[in-house]
Amino acid sequence: MVPQKGMTLSEHLMAQEKTNPAARGAFSRLLNELIVAAKIISREVNQAGLAESMGFTGDVNVQGEEVQKLDEFANNLITRRLERCGVLCAMASEEVADIIEIPDRYESGDYLLMFDPLDGSTNIDVNISIGTIFSIVRRDSKGPTVLTSDLLRPGVEQVAAGYFLYGSSTMMVYSTGNGVSGFTMDPSVGEFFLSHPQIKIPERARIYSANEGNYQYWSPEVRKYMDYLKGTDNAIGKPYQCRYVGSLVADFHRNLLKGGIFMYPADNKDPAKPFGKLRYLYECAPLAFVVEQAGGYASTGQGRLLEYQPESIHQRVPLYIGSKQDVIEAEEFVSGKR
Ligand code: P6P
């Protein structure tokens, strides 16, 4: 099946099931529930900006409902919708300390969902794009109880991953292991249409995304790489351009389409976070799955990120992700080989 621009997401999911029988039915139910949640989050994100500008007080909105912080709202919405889809045996959220079990009243399934319900939510009131990131694995353990080890999987074991981007338009970008497809929502009909079939990231591009305010907290190897990018003796012969909005999904999406490297290195700013800020299960592994499916690469700075074995559900790891040649080069510097 050759994906045609304008194809709906539902058509695309059904076509995926033909090439991926393991995903027949259950998978589409899971993704369709996620899509409904994303449409509702998209509406709330847009209204939040309006509410802010109209100066509503925080506690009660125009419908008289209790206003929750948007990331709490997004987390609760995804949890409530997905727990009843009959396809999941557990979930884990960047917003929730422990594993999220499926209530007994709902049918359990063979998949687990890890998600960051609203990454970058502090950017809402300055109208910068934010996103929802998701990762799906099949259950590993047998027996009546889902184990934490079912969640603590290296990213290579994901069966699907992707993100929703709430920006100038709402997009969904995802992969089930057969390349990366991007869909743009037409708000007038509330449907996602294929706008970016078979996304491929350039092998190299003159863009880097990093918070250089952390420069003094980085290792000498990371600083050496940053200085290399900003010099003229790099592979392109000109200083790279810095593009950084401080919203991972927005920065990643731009680099996926235009190329370049996003990095959040380990730093010694906060002894409690020696491996940097970003979480493996909800941010790094799903985006690494997508970027490799698009021909790119993701590294912890010491090796392939998708092969990293997380030790806790909120494990943080350093992240270097984007164009393959750029990330390989970063890994050579950061691991001390250059
Ligand atoms: P810093 C948002 O809070 C986030 O988790 C990511 O979306 C973003 O890439 C990163 O943190 C920005 O962190 O330290 O540069 O503000």
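Both ligands and their constituent atoms are indexed starting at 1 by order of listing. None of these values were measured; they are calculated from a predicted model.
For ligand 1, the atoms lying closer than 4.0 Å to a non-hydrogen atom of L248 are 6 (C), 7 (O), 8 (C), 9 (O). Applying the 4.0 Å criterion to heavy atoms of E283 picks out, from ligand 1, the atoms 5 (O). Those atoms of ligand 1 that come under 4.0 Å of a heavy atom in N211, given as number and element, are 1 (P), 14 (O), 15 (O). Counting atoms of ligand 1 from 1 in the listed order, those under 4.0 Å from a heavy atom of Y264 are 1 (P), 13 (O), 14 (O), 15 (O).
Using a 4.5 Å heavy-atom threshold, the side chains of L194 and Q4 count as separate.
A salt bridge is absent between R84 and E33; no separation between the charged side-chain nitrogens and carboxylate oxygens falls under 4.0 Å.
In terms of protein heavy atoms, atom 13 (O) of ligand 1 is closest to K277 NZ, 3.0 Å. Of all protein heavy atoms, the one closest to atom 12 (C) of ligand 1 is Y244 OH, 3.3 Å. Ranking protein heavy atoms by distance to atom 7 (O) of ligand 1, first place goes to D119 OD2, 2.5 Å. Nearest protein heavy-atom neighbour of atom 2 (C) of ligand 1: G120 CA, 3.8 Å.
The aromatic rings of H196 and H253 stand perpendicular to each other, their planes meeting at an angle above 60°, with 30° marking the opposite boundary.
For an aromatic pair to be called close, the ring centres must be under 6.0 Å apart, and F164 with F134 satisfies this. Between Y163 and F252, the gap from one ring centroid to the other is short of 6.0 Å.
Surrounding NZ of K224 are at most 12 heavy atoms belonging to other residues, nucleotides or ligands under 6.0 Å away.
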